[in-house]
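Only a predicted model underlies this, so the values are computations on that prediction, with no experimental measurement involved. Numbered from 1 within each chain, the chains take letters A, B, ... in sequence-line order.
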Amino acid sequence: MRIPCVCCGDRGVDEFSYLGDATRHRPTDGGAVPTAAWSDYVYLRDNPAGPHKELWYHGSGCRSWLVVTRDTRTHAILGVALARDVALARDAS
Amino acid sequence: MSADRYSVFSLLREALRGQTGWKPAWRDAAPQSAYDIIIVGGGGHGLATAFYLASRYGAKKVAVVERGWIGGGNVGRNTTIIRSNYLLPGNVPFYEQSMQLWEGLEQDINYNAMVSQRGVLNLFHSDAQRNAYVRRGNSMRLQGIDAELLDQTAVRAMLPFLDYANARFPILGGLLQKRGGTARHDAVAWGYARAADRLGVDIIQNCEVTGITIEQGRAVGIDTTRGAIRAGKIGLACAGNSSRVAALAGLRLPIESHVLQAFVSEGLKPFIDGVITFGAGHFYISQSDKGGLVFGGDIDGYNSYASRGNMPVIEDVCESGMALMPRIGRVRMLRHWGGVMDMSMDGSPIIDRTPIDGLYLNAGWCYGGFKATPASGLCFAHLLARDEPHPVGTLLRLDRFARGAVVDEKGVGAQPNLH
Ligand SMILES: Cc1cc2nc3c(=O)[nH]c(=O)nc-3n(C[C@H](O)[C@H](O)[C@H](O)COP(=O)(O)OP(=O)(O)OC[C@H]3O[C@@H](n4cnc5c(N)ncnc54)[C@H](O)[C@@H]3O)c2cc1C
Ligand SMILES: [Zn+2]
C-alpha cells in the first residue's frame with residue numbers, strides 16, 4: 001500500500017503511523033463527568049466496509065498529520081488532505 | 001445413528017469397501033420459515049454454539065446461517081494455537097474452561113480434531129519481561145492452571161537451535177504451558193458442524209444475512225439471500241464482520257476490523273515440537289503435522305476488510321523469525337494469507353445481550369479467538385438458552401466499556417492497532 005502525501009508525494013505505507021477513524025469528535029465538556037458522548041468517542045466505531053476517513057502521521061517524511069480516505073475493502077486511496085485543513089474547514093462551517 | 005458414528009470399526013469397514021460408504025458429514029439444509037434460535041455465522045464459534053445449545057441446553061429448532069461455506073472464515077485461516085495462559089480475571093477462567101473443553105472435544109463430538117497438547121513456550125528477553133511472566137505464571141497457578149517458568153539452561157536443553165547469542169534480544173528463559181498446543185482448525189469446524197447436525201441443527205450454507213427485522217423494539221427475524229426467516233432469538237457470531245451485521249440492526253460496536261496475516265513454509269522434517277513465541281517482538285511459530293512451519297506476527301494495524309495484508313508486516317514477521325532462529329532463513333515460504341478480525345477496544349471478547357431484545361452478540365475475538373472456540377460456544381449457548389451469562393463469561397459484557405470495566409490484557413487502552 002502507498003499513500004500519496006500532500007507534501008511528499010507517493011510514499012510506502014511503512015513511512016506512516018495510523019491513528020484510526022478521523023470522523024470522531026472529542027466532546028468539548030472536559031470529561032470530568034462520564035457521559036455517553038465520551039464513551040461513544042473513545043470506544044464506538046462505524047467501522048465501515050468501504051470508504052473510511054482516517055488519520056495517518058507521516059513520521060518518516062514531512063511529519064504532517066493527514067486525513068486519508070481509503071477503501072477498507074481494497075486499500076485504494078480515494079483522497080488525502082492535511083488534517084489541519086480538514087479541522088479548519090470543519091470549524092469554519 | 002450408530003452406523004454413521006466414526007470409530008476404528010467404521011474406518012476398517014470403509015477400508016475394506018474402498019471408501020464407498022461414507023456419507024456427507026452434515027445435511028445441506030434449506031432454510032425453514034421459522035426457528036427458535038438462529039445463529040448468524042457458521043464459523044467455529046457459531047457452530048460450537050449450535051452444538052452446545054442442542055447437546056447441553058436441549059434447544060430444539062436451531063439453525064446456523066452462513067453466507068459462504070463452513071470453515072471459510074477465520075476458523076479455517078488461523079494458526080491453530082490453543083492455550084490458556086492469560087493474566088486477567090475476565091479472561092483466565094474463560095480460556096481455562098476452553099482448554100478443558102478442548103481436552104474432551106474429540107469424544108464430545110466424535111471427530112478427530114487433532115488436538116495436540118504439544119506445549120506453548122513464551123520466551124522472555126529482559127528482566128522486566130521475566131517479572132511479567134512470573135506474575136502471569138503465578139496468576140495461572142493460583143487458578144489451578146499449569147504454568148512452568150524455565151531458565152535459559154532449561155530452554156536451551158529443550159530448543160538448542162534458538163539464537164542464544166543474539167546481543168539485542170538475549171533469550172533469558174520462558175513461560176511454558178504444557179497443556180497448550182494446537183488443533184486442526186478446519187476439523188474443528190467440520191466436527192462441530194457434523195455433531196450439531198446429528199442433533200437436528202440446520203446448517204444453512206450460502207445464505208447471507210442482509211437484514212434484521214425489528215418489531216416493537218424486538219428482533220424477530222432475518223432477511224437472507226435465501227429469503228426471510230423468523231426467529232425467537234438471534235445470535236450473531238460473525239467474527240470480522242460483526243460491525244457490518246450489527247449495523248443491520250442499527251447498532252454501533254466497540255470494534256474495528258483489522259487484517260492478520262499467517263504464513264506457511266515448505267514441508268520440513270520435524271524439528272519444532274511445540275509452539276514457540278518470541279517475546280521481544282510479535283512472532284510465533286509451530287510446525288504442522290505435514291511438516292510446514294506455521295508462523296505469524298502482528299496485525300497490519302489499520303481498518304481493513306481486504307482479506308490480504310501488506311509488506312511491512314511480512315518483513316517484520318520475517319525479521320523477528322530470523323532474530324529467534326536464524327536457521328529458518330533458507331526455508332521457502334509456501335503460502336501466506338490474511339483474515340479479517342474484529343479488534344475490540346480492549347482486546348477481549350464480547351458475549352452478551354444487545355440493547356435490542358432477542359438479539360445477542362458474540363464478537364471481538366481479535367486474533368486469539370480460535371482457542372476460545374469451545375468456551376465461546378458454551379457461553380453463548382448458555383446466554384441464548386438462559387438469558388444470563390455463563391459463570392465463566394460474566395466479565396465479557398458489552399457495556400463494560402461505558403462502565404470503565406474493560407478487560408485490557410495488554411494495557412494499551414482503546415487502541416486496537418496496539419493490542
Ligand atoms: C491469520 C490468523 C491467525 C490466527 N491465529 C490464531 C491462533 O493461533 N490461535 C487463536 O486462538 N486464534 C487465532 N486467530 C483468531 C481466530 O481465528 C478467530 O478469532 C476465530 O476463528 C473467530 O471465530 P469464528 O471461528 O467463529 O470466525 P469465522 O470462522 O470467521 O466465522 C464467522 C462467520 O460469519 C460469517 N458471516 C459474516 N457475515 C455474515 C452474514 N451477513 N451472513 C451470514 N454469515 C456471515 C462468515 O462468512 C464466517 O464464516 C487467528 C486469526 C487469523 C486471521
Ligand atoms: Zn509527507
Under 3.5 Å: donor-acceptor pair, side chain of A:Arg45, backbone of B:Ser243: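 No; judged by distance alone, with no hydrogens or angles, the pair does not exist.
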State, to 0.1 Å, how close A:Thr74 and B:Arg308 come at their nearest heavy-atom pair, and which atoms those are.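 That closest heavy-atom pairing would be O-NH2, 2.9 Å.
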What's the shortest heavy-atom distance between B:Pro254 and A:Leu44, and which atoms?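 Looking at all heavy atoms of both residues, the closest pair is N-CD2, 3.6 Å.
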Taking atom [atom1] of [X] as the centre, does the number of heavy atoms from other residues, nucleotides or ligands within less than 6.0 Å exceed 12?
X        : atom1 : value
B:Arg226 : CZ    : yes
A:Arg63  : CZ    : no
A:Arg26  : CZ    : no
B:Trp337 : CH2   : yes

Interface moiety of B:Asn417 toward chain A, non-hydrogen atoms closer than 4.5 Å: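 The side chain, not the backbone.
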Please look at B:Arg244 and chain A and tell me whether the side chain, the backbone, both or neither of the residue comes under 4.5 angstrom of a heavy atom of that chain.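 Interface part for B:Arg244: side chain.
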Can you tell me how far apart CZ (A:Arg73) and CG (B:Asn303) are? Round to the nearest 0.5 Å.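 It comes to 13.5 Å.
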How long is the straight-line distance from CD of B:Glu256 back to NE2 of A:His52, given to the nearest 0.5 Å?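 A:His52 atom NE2 to B:Glu256 atom CD measures 6.5 Å (nearest 0.5 Å).
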With a 4.5 angstrom heavy-atom cut-off, which part of [X] approaches chain B: side chain, backbone, both or neither?
X       : result
A:Trp38 : neither
A:Thr72 : both
A:Asp40 : side chain

Any side-chain heavy-atom pair from A:Val42 and B:Met345 closer than 4.5 angstrom?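 Side chain of A:Val42 against side chain of B:Met345, heavy atoms only: no contact under 4.5 Å found.
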Does some side-chain heavy atom of A:Met1 sit less than 4.5 Å from a side-chain heavy atom of B:Tyr302?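 When only atoms from C-beta onward are counted, A:Met1 and B:Tyr302 do touch, with a gap below 4.5 Å.
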Do you know which of A:Asp14, A:Asp46, A:Asp21 has the most heavy-atom pairs under 4.5 Å to chain B?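 Highest number of pairs under 4.5 Å: A:Asp46.
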Checking side chain to side chain contact (heavy atoms under 4.5 Å, CB included) between A:Tyr43 and each of B:Leu253, B:Val406, B:Asp346, B:Ile255, which is the one that passes?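 When B:Leu253, B:Val406, B:Asp346, B:Ile255 are each tested with A:Tyr43, the side chain to side chain contact (heavy atoms under 4.5 Å, CB included) holds only for B:Val406.
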